[in-house]
Amino acid sequence: MSLLRKIKSLLKLNALGLSLGFITISAYAQDNCPAVNCDCASLPSEVWQQSCARHETAIKKACADNKGVATDFCAIHGLNATPLPLLTDLTGVEVVSEAEISSLNNKVAAMYWSLHADLDLAGDAIKAKKYGRGQEVLKLMDDNIENLFRVQRQVTTSFIAYEEEGDAENAWEDYSEDSLKMARDIDKFGTKLLKQYDEAQEDKPKRAYGILAVKALRMAGKAYEHAAYAYVQDRQHDDAAKIWKRASEISKIILDHKIVTNAEQAHIDYYRYQTATRLHRASLHQWLDGEEKDAKKELEESKAFMDDPTLVDDMLVEEPEPEEPEEKSRGFKLFK
């Protein structure tokens, strides 16, 4: 029985497509559980596809045995896989009229300003030992990060609908830079809170710092996911890989904190799987960028966080070079 049965409530069946333009081909595993789709066909290597397909077959069977409810995340996965222990919500957005796009763009800029102001507000509240107020502000920020990403996708989806692909690309370029800066600021904020947790001597502030640090770091991880998504829209796989790598480090930091504080096993499992999943995303984008050596390095690192590391062992095997076809004679000799 998979450990993930304990964390069914944490499974989010998100459609995590990254618009890379891959051609969909027939599923590898029998579709006896539509809730599971590891998107193996989009992986760039035949060895990776085969490893993914074996895994998908197994977890689809477990899902079917559980009356169609997924019990496992896709440990090996393509970009459109589900379910995954990630935080990005790619629910469909509505196309707006051309006249509304400009106002939505302005709304994106205003939301960035608001998020940075709220981060300062949270810092001031925590400094004044108003921990409850600090938690409220962080919750508001988390909701606004979700809304910001949704509005940004609405802007770019609308541009594309009106055949303004250049404007969509420019919008993603601006968003990628701004969202990465925001993620780094929240990352720094959460890291500082975790340090305060480590240094606190009194129980009440120590407990508060721990809760606030995890909230901030989790939010930073989500912001990194959004930034990576944005960079992929411009095919900047190297940047996306680096961002996913930092997101995996955030997951590992939270995982270590959960272990030290004797958190519920379900929470520990979730962040362990999230660490592995983000490392897999980093490796995938490294591979798509042509950096196979770096891709395999990230895969090797992910093994420590997986239930079945042999899945990755198969992916680390060197693929044989395709044989060149023999040149057939047309009835005369080739002279050198």
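Here the structure is a predicted model, which means the values were calculated and not measured. Residue numbers count from 1 along this sequence.
The aromatic rings of F73 and Y270 lie perpendicular to each other, with more than 60° between the two planes, well past the 30° mark. The aromatic rings of W172 and Y175 sit perpendicular to each other, their planes meeting at more than 60°, with 30° as the lower class boundary. Ring pair Y131/Y209 is perpendicular by interplanar angle, where above 60° counts as perpendicular and below 30° as parallel. Classified by interplanar angle (parallel below 30°, tilted 30° to 60°, perpendicular above 60°), the ring pair H237/H285 is parallel.
You'll find the side chain of E164 stays beyond 4.5 Å of the side chain of I160, heavy atoms only. Two residues are said to be in side-chain contact when any heavy atoms from C-beta on lie closer than 4.5 Å; L104 and V108 fail this criterion. By the 4.5 Å heavy-atom criterion applied to side chains, I253 and L194 are counted as neighbours. Within the 4.5 Å cutoff, no side-chain heavy atoms of Y273 are placed close to those of L84. Looking at E56 and I76, their side chains never come closer than 4.5 Å, going by heavy atoms from C-beta outward. Under the 4.5 Å side-chain criterion, counting only non-hydrogen atoms from C-beta, S248 is in contact with K245. Taking 4.5 Å as the limit, every side-chain heavy atom of L212 sits out of range of all side-chain heavy atoms of Y197. Side-chain contact check for E146 versus L87: every heavy-atom pair is 4.5 Å or farther apart.
Looking at D234, its side chain never comes within 3.5 Å of a backbone N or O of Q236 through a donor-acceptor pair. Side-chain atoms of Q154 come within 3.5 Å of backbone N or O of E94 as a donor-acceptor pair. A side-chain donor-acceptor contact under 3.5 Å links Q152 to the backbone of A171. The main-chain N or O of E199 is found under 3.5 Å from a side-chain atom of Q201 such that the two form a donor-acceptor pair. In this structure, the side chain of N37 engages the main chain of D39 through a donor-acceptor pair within 3.5 Å. Within the 3.5 Å criterion, the main-chain N or O of A247 finds a donor-acceptor partner in the side chain of R278. Under a 3.5 Å cut-off, the side chain of Q49 and the backbone N or O of L43 do form a donor-acceptor pair. Between the side chain of S51 and the backbone N or O of V47 there is no donor-acceptor pair closer than 3.5 Å. Proximity of a side-chain donor or acceptor of K215 to a complementary backbone N or O of L138 within less than 3.5 Å is not detected. Without hydrogens or angle criteria, K60 side chain to C33 main chain gives a donor-acceptor distance under 3.5 Å.
In this structure, D239 CG and S176 OG are separated by 8.0 Å, a value rounded to the nearest 0.5 Å. Here the CG-CE distance, from L299 to M315, works out to 4.5 Å after rounding to the nearest 0.5 Å. Between E165 atom CD and N170 atom CG the span is 12.0 Å, to the nearest 0.5 Å. Distance check: M141 CE to D118 CG gives 6.0 Å after rounding to the nearest 0.5 Å. Interatomic distance, E291 CD to K293 NZ, rounded to the nearest 0.5 Å: 10.0 Å. Here the CZ-CG distance, from R235 to D289, works out to 13.0 Å after rounding to the nearest 0.5 Å.
Counting all heavy atoms, side chain and backbone alike, F189 lies closest to G123 at CE1-CA, 3.7 Å. In terms of heavy atoms, L284 sits closest to P44 at CD1-CD, 3.4 Å. In terms of heavy-atom proximity, A200 sits nearest to K206 at O-NZ, 3.6 Å. Closest of all the heavy-atom pairs between A70 and V36 is CB-CG2, 3.9 Å.
For the pair K258 and Y271, the cation does not sit on the ring face, since its NZ or CZ is not both under 6.0 Å from the ring centre and inside 45° of the axis.
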Practice problem: Please report the C-alpha distance between D269 and R272 in whole Å, then the side-chain angles of each, then the deciding distance to 0.1 Å, and finally whether the salt bridge (charged side-chain N to carboxylate O under 4.0 Å, His left out) criterion is met. | Solution: CA-CA 5 Å; D269 290 339; R272 178 164 62 86; 3.5 Å; yes
Quiz item: Can you list the steps and then say if E100 with S97 is a side chain to side chain donor-acceptor pair (under 3.5 Å)?
Solution: CA-CA 5 Å; E100 293 178 272; S97 68; 3.0 Å; yes
Practice problem: Show the numbers, then the answer: is there a side-chain contact (heavy atoms from CB on, under 4.5 Å) between V214 and H257? | Solution: CA-CA 8 Å; V214 169; H257 178 77; 3.5 Å; yes
Quiz item: Going through the distances and angles, do Q233 and T156 end up as a side-chain contact (heavy atoms from CB on, under 4.5 Å)?
Solution: CA-CA 10 Å; Q233 305 316 300; T156 54; over 6 Å; no
Practice problem: Under the side-chain contact (heavy atoms from CB on, under 4.5 Å) rule, what do M182 and I186 come out as? Steps first, then yes or no, please. | Solution: CA-CA 6 Å; M182 182 178 64; I186 301 172; 3.9 Å; yes
Practice problem: Kindly determine whether K61 and D65 satisfy salt bridge (charged side-chain N to carboxylate O under 4.0 Å, His left out), including the steps that lead there. | Solution: CA-CA 6 Å; K61 183 179 184 304; D65 291 345; 3.1 Å; yes
Exercise. For disulfide (SG to SG under 2.5 Å), just list the numbers for C52 and C40, CA-CA rounded to whole Å, side-chain angles, deciding distance to a tenth of an Å, and then say yes or no.
Key: CA-CA 6 Å; C52 176; C40 303; 2.1 Å; yes
Exercise. Give the intermediate values and the outcome of side-chain contact (heavy atoms from CB on, under 4.5 Å) for residues T310 and D313.
Key: CA-CA 5 Å; T310 63; D313 287 335; 4.1 Å; yes
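Between the side chains of H226 and S179, no donor-acceptor pair is found at a separation under 3.5 Å. Using modelled atom types, one finds a donor on one side chain and an acceptor on the other under 3.5 Å when comparing S251 with Q274. Under 3.5 Å, the side chains of T191 and D187 contain a donor-acceptor pair of N or O atoms. Side-chain atoms of S102 and N105 include no donor-acceptor pair closer than 3.5 Å.
Follow the hydrophobic side-chain contacts under 4.5 Å out from M111 and you reach V96 in the same cluster. In this structure, I145 is a member of the same hydrophobic cluster as Y112, with clusters built from ILVMFWY side-chain heavy atoms closer than 4.5 Å. Put simply, L140 and I126 are part of two different groups of oily side chains (I, L, V, M, F, W, Y) that touch within less than 4.5 Å, one to the next. The hydrophobic clustering, which links ILVMFWY residues whose side-chain heavy atoms are closer than 4.5 Å, places V151 and M219 together.
Residue D314 is tested with Q50, H55, R54 for a side-chain hydrogen bond (donor to acceptor under 3.5 Å, both in side chains); the sole match is R54. The only option from W244, F149, Y224 that meets the ring-ring contact (aromatic ring centres under 6.0 Å, His included) definition with Y229 turns out to be F149.
Partners of K107 by salt bridge (charged side-chain N to carboxylate O under 4.0 Å, His left out), not counting sequence neighbours: none found.
A 6.0 Å sphere centred on CG of D203 holds no more than 12 heavy atoms belonging to other residues, nucleotides or ligands. Heavy atoms from other residues, nucleotides or ligands lying under 6.0 Å from NZ of K297 number 12 at most.
Applying the salt bridge (Lys or Arg N to Asp or Glu O under 4.0 Å) test to every pair with at least one member in residues 128-140, sequence neighbours left out, gives these pairs: R133-E136, K139-D143.
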